[in-house]
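Below: the structure, in structure tokens.
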Protein chains: 2
Amino acid sequence: MNIGEIARRAGVSRSTVSYALSGKRPVSDDTRRKIQQVVDELDYQPSASARALANGRTSTLGLVFPPAGNHYTGMQLDFIGSVVEAAAVYDYDVLLSPSGVDSDRSFQRLLGERRVDGAILMEIKLEDDRVDHLAAVGFPSVTIGRTARPEGGWWVSLDHTALVEACVHHLADLGHRRVAFVNRPEQLLRAGYESAHRGLDGFTKAAAERGLTVRTYCCGDDAASGQACVERILRDDPATTALVTLNEAAVGGLYRGLALAGRHVPRDFSVTGVVAGHWAETVTPQLTAADVPAAELGRLAVDLLVERLDHPDAPPRHHLLTPPISLRASTGPAGATPAPDAGPAGATPVADAGLDTAP
Amino acid sequence: MNIGEIARRAGVSRSTVSYALSGKRPVSDDTRRKIQQVVDELDYQPSASARALANGRTSTLGLVFPPAGNHYTGMQLDFIGSVVEAAAVYDYDVLLSPSGVDSDRSFQRLLGERRVDGAILMEIKLEDDRVDHLAAVGFPSVTIGRTARPEGGWWVSLDHTALVEACVHHLADLGHRRVAFVNRPEQLLRAGYESAHRGLDGFTKAAAERGLTVRTYCCGDDAASGQACVERILRDDPATTALVTLNEAAVGGLYRGLALAGRHVPRDFSVTGVVAGHWAETVTPQLTAADVPAAELGRLAVDLLVERLDHPDAPPRHHLLTPPISLRASTGPAGATPAPDAGPAGATPVADAGLDTAP
DNA sequence: TTGAAAGCGTTACCAT
DNA sequence: ATGGTAACGCTTTCAA
């Protein structure tokens with residue numbers, strides 16, 4: 001079924017059908033009704049390819065995210081979901097491209113074959129060749145996260161520096177003096193992922209301001225790595241009483257490692273960081289954390305991109321978000337109990353996972 | 001840059017350029033080289049829209065999944081990731097469509113506007129109008145999950161019935177006699193989601209076979225609901241010693257509820273179910289569960305769809321998977337400790353979250 | 001208010 | 001082995 005057939009059956013020209021459907025030119029009520037009737041009858045919908053070829057717009061947005069090696073973090077996936085739903089509001093479809101670098105085939109297709117009108121990029125690096133490329137060719141795009149020099153760009157981003165600083169200050173206010181930082185995997189840090197770098201910067205800066213004794217760690221995106229990381233932390237400095245983490249997927253393992261070492265959260269060890277809100281509420285004790293507003297970030301990114309597409313000459317805009325820390329149950333005053341000796345854990349009492357059943 | 005320009009610069013016709021690039025017709029080495037050189041020089045890539053219009057294929061697969069109300073479960077998101085990566089292997093892009101029903105705008109676009117060559121559907125209902133529609137119009141598609149009458153269809157699916165049966169038998173073998181079932185939200189059950197129904201069937205069947213005393217519950221997809229659900233379970237029958245769940249997102253809350261009620265997992269309460277493997281290892285104690293092979297299901301779905309696209313007359317194929325139960329740390333023999341009385345929880349000792357630090 | 005016709009950039013058939 | 005040319009199905013300019 002094509003527009004010519006509709007035109008014939010409605011007794012009008014193809015252009016009239018096109019205009020009746022798009023509303024880009026007035027059409028008399030009579031002919032419009034006639035056309036609409038035929039359209040409804042045959043359940044006609046114009047071909048996306050033909051339309052895209054004719055008017056140069058695909059009504060599709062690209063969402064570029066790194067390939068998942070193992071699997072995705074809750075945060076990344078929340079982004080994907082929120083972007084897709086926000087795009088649906090504007091009647092845009094979303095094409096997924098698992099591309100970590102400029103040269104990925106899928107990324108090349110997206111741009112080179114003009115499959116999308118604009119793109120949203122996730123997991124930005126401080127130096128990001130995908131971003132550079134898009135900027136160089138003037139392709140409409142918005143990043144979730146920002147590069148080392150975000151000036152003049154379109155982006156939405158979390159202020160990881162400020163967020164981690166807030167975490168450190170929160171712990172320092174509670175009296176913690178020896179604090180560890182659990183970052184994303186070393187591989188990502190080395191690759192220059194901005195959240196890992198800016199988070200680390202914030203940690204270092206705030207810790208210096210407060211005169212804390214600190215150590216920083218990279219940690220794989222899984223529970224086993226989290227557990228191993230805690231073991232290293234307590235081995236390196238048994239007097240450590242708190243940690244800050246950006247590593248959502250490791251939190252379960254961090255908790256387990258602490259419990260196995262006989263450290264009760266939050267009584268004798270505090271944990272905080274930057275993770276998705278619903279995830280923070282899943283673990284026990286619930287995590288005091290800066291809740292990543294993934295849904296809002298995704299929506300804002302789409303809003304920005306649509307604005308940019310509608311107004312090609314609009315000046316660059318961005319949103320830098322600094323969500324507050326949600327006080328939950330994983331942080332408490334330092335020194336309530338002196339940290340146990342560095343001896344093997346097996347001898348100490350079993351942890352109680354931070355539950356306080358007594359009022 | 002278009003194919004005409006390439007042809008002109010290479011001194012050949014457009015069709016020759018097309019054939020040189022697609023390899024669908026022999027081209028002399030000389031002209032091929034000449035063309036390739038111009039193509040490389042100008043970084044030419046054919047327009048996806050024009051190509052799709054001309055040859056009727058978009059090289060895009062649609063992935064249809066329900067809108068996320070609140071947010072997605074880890075399982076759903078693993079599917080999305082694995083489908084996208086599997087599709088990339090075949091040089092297919094993936095277009096996302098958040099559509100729960102046949103009439104969703106996004107779903108209509110996918111099909112009506114012929115944006116994709118084929119579709120993969122997630123979160124299938126026993127009676128699914130999207131599936132019916134696709135079958136009726138003969139649109140190439142594969143479902144992850146299967147309807148009440150999957151005969152003659154293309155699908156990959158988990159055998160939820162068998163999986164939950166296995167969980168029940170595992171618990172019965174351990175001596176549990178009073179077991180609860182924690183299903184997905186009631187709304188999904190009522191809507192007819194197949195995993196919820198088939199899982200429930202398996203539970204009921206196996207429990208009857210083993211002569212167990214059971215109760216079944218629906219539970220929201222979040223920690224708070226899980227916690228509330230456990231409270232109901234222990235109120236309804238304080239002698240309950242185990243539960244089976246399909247509700248991945250509730251597990252954290254289930255654990256918390258049990259701990260708050262003074263039930264130690266696995267010493268005096270066992271928990272098992274069907275969840276993603278990496279998630280099962282995140283919680284403490286690690287969950288004994290049938291690990292959902294999301295990545296494999298996604299890959300198999302893409303394989304099937306690509307096969308179907310390549311061979312339009314191939315007979316329907318499917319894969320029914322029954323992954324084994326991974327024994328972890330959340331189940332144990334019943335009756336090690338008699339269940340406490342039904343009194344209010346506050347008075348009982350604090351839980352230790354199932355950690356055994358002593359050898 | 002409507003129609004005719006020229007693109008949009010490919011592919012693929014029919015010639016040569 | 002290559003070229004010419006009609007599709008593919010729509011949008012949009014130009015005319016009336």
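Bear in mind the structure is a predicted one, so any value in this text is a computation, not a measurement. Lettering follows sequence order; numbering is per chain, from 1.
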Q: Round to a whole Å and report the spacing from CZ of A/Arg57 to P of C/dC8.
A: 18 Å
Q) Relative to the 5' end of DNA chain D, which residue comes earlier, B/Ala54 or B/Gly11, by the nucleotide with the nearest heavy atom? A) B/Gly11
Q) Given atom CG of B/Leu21 and atom P of C/dT10, what is their separation to the nearest angstrom? A) 10 Å
Q | Between C1' of D/dC8 and CZ of B/Arg14, the distance in whole Å | A | 13 Å
Q | Helical bend (five base pairs per end, nearest 10°) for the helix from C/dT1-D/dA16 to C/dT16-D/dA1 | A | 40°
Q. Which part of the nucleic acid, if any, lies within reach of A/Thr31 when heavy atoms closer than 4.0 Å are counted: base, sugar-phosphate only, or nothing?
A. sugar-phosphate
Q: Kindly say if A/Thr16 contacts the phosphate of C/dG3, meaning a side-chain N or O under 4.0 Å from OP1 or OP2.
A: yes
Q) Among D/dC10, C/dT10, C/dG9, which is the nearest nucleotide to the side chain of B/Arg51? A) C/dT10
Q. Do we see a donor-acceptor contact under 3.5 Å between the side chains of B/Thr60 and B/Asp93?
A. no
(Q) Pair A/Met1, A/Ile6 - check side chain to side chain contact (heavy atoms under 4.5 Å, CB included), show working. (A) CA-CA 8 Å; A/Met1 189 48 45; A/Ile6 304 294; 4.1 Å; yes
Q) NA contact type, B/Ser28, heavy-atom cut-off 4.0 Å: base, sugar-phosphate, or nothing? A) sugar-phosphate
Q. Could you give the CG-to-P distance, from A/Leu53 to D/dG9, as a whole number of Å?
A. 12 Å
Q) More 5' along DNA chain D: B/Tyr19 or A/Ser22, using each one's nearest nucleotide? A) B/Tyr19
Q. Is A/Ser18 touching bases, backbone alone, or none of the nucleic acid, heavy atoms closer than 4.0 Å?
A. base
Q | Salt bridge present between B/Asp104 and B/Arg130 (N-O < 4.0 angstrom) | A | no
**Q.** Whole-Å distance separating the CZ atom of B/Arg8 from the C1' atom of D/dG4
**A.** 17 Å
Q: Round to the nearest Å and state the distance from B/Tyr44 atom OH to C/dG9 atom P.
A: 10 Å
Q: Report the relative orientation of the aromatic rings in A/His318 and A/Trp155; use parallel for angles under 30°, tilted for 30 to 60°, perpendicular for over 60°.
A: parallel
Q.
Taking donor-acceptor contacts at under 3.5 Å, does the side chain of A/Arg25 reach the base of D/dT12?
A. no
Q. Taking all atoms of both residues into account, what is the closest heavy-atom pair of A/Ser157 and A/Gly145, and its distance?
A. OG-CA, 3.6 Å
Q | Candidates A/Val64, A/Leu110, A/Leu63 - the one meeting side chain to side chain contact (heavy atoms under 4.5 Å, CB included) with A/Leu96 | A | A/Leu63
Q: Output the single nucleotide from D/dT5, D/dC10, C/dT2 whose closest atom is nearest the side chain of A/Val27.
A: C/dT2
Q) What nucleotide among D/dT12, C/dG9, D/dA1 has an atom nearest to a side-chain atom of B/Asn2? A) C/dG9
Q: Please state whether the phosphate of C/dA12, meaning OP1 or OP2, lies under 4.0 angstrom from any side-chain nitrogen or oxygen of B/Lys24.
A: yes
Q) From D/dA1, C/dT10, D/dG3, pick the nucleotide closest to the side chain of B/Pro26? A) D/dA1
Q) Does A/Ser13 put a side-chain nitrogen or oxygen below 4.0 Å from OP1 or OP2 of C/dT2? A) no
Q | salt bridge (Lys or Arg N to Asp or Glu O under 4.0 Å) between B/Arg146 and B/Glu151, worked out | A | CA-CA 9 Å; B/Arg146 62 199 199 281; B/Glu151 303 81 22; over 6 Å; no
Q: Give the rounded distance in Å between these two atoms: CE of B/Met1 and P of C/dG9.
A: 10 Å
Q | Between C/dT1 (C1') and A/Arg33 (CZ): distance, integer Å | A | 15 Å
(Q) If the threshold is 4.0 Å, N to carboxylate O, is there a salt bridge linking A/Lys34 and A/Asp30? (A) no
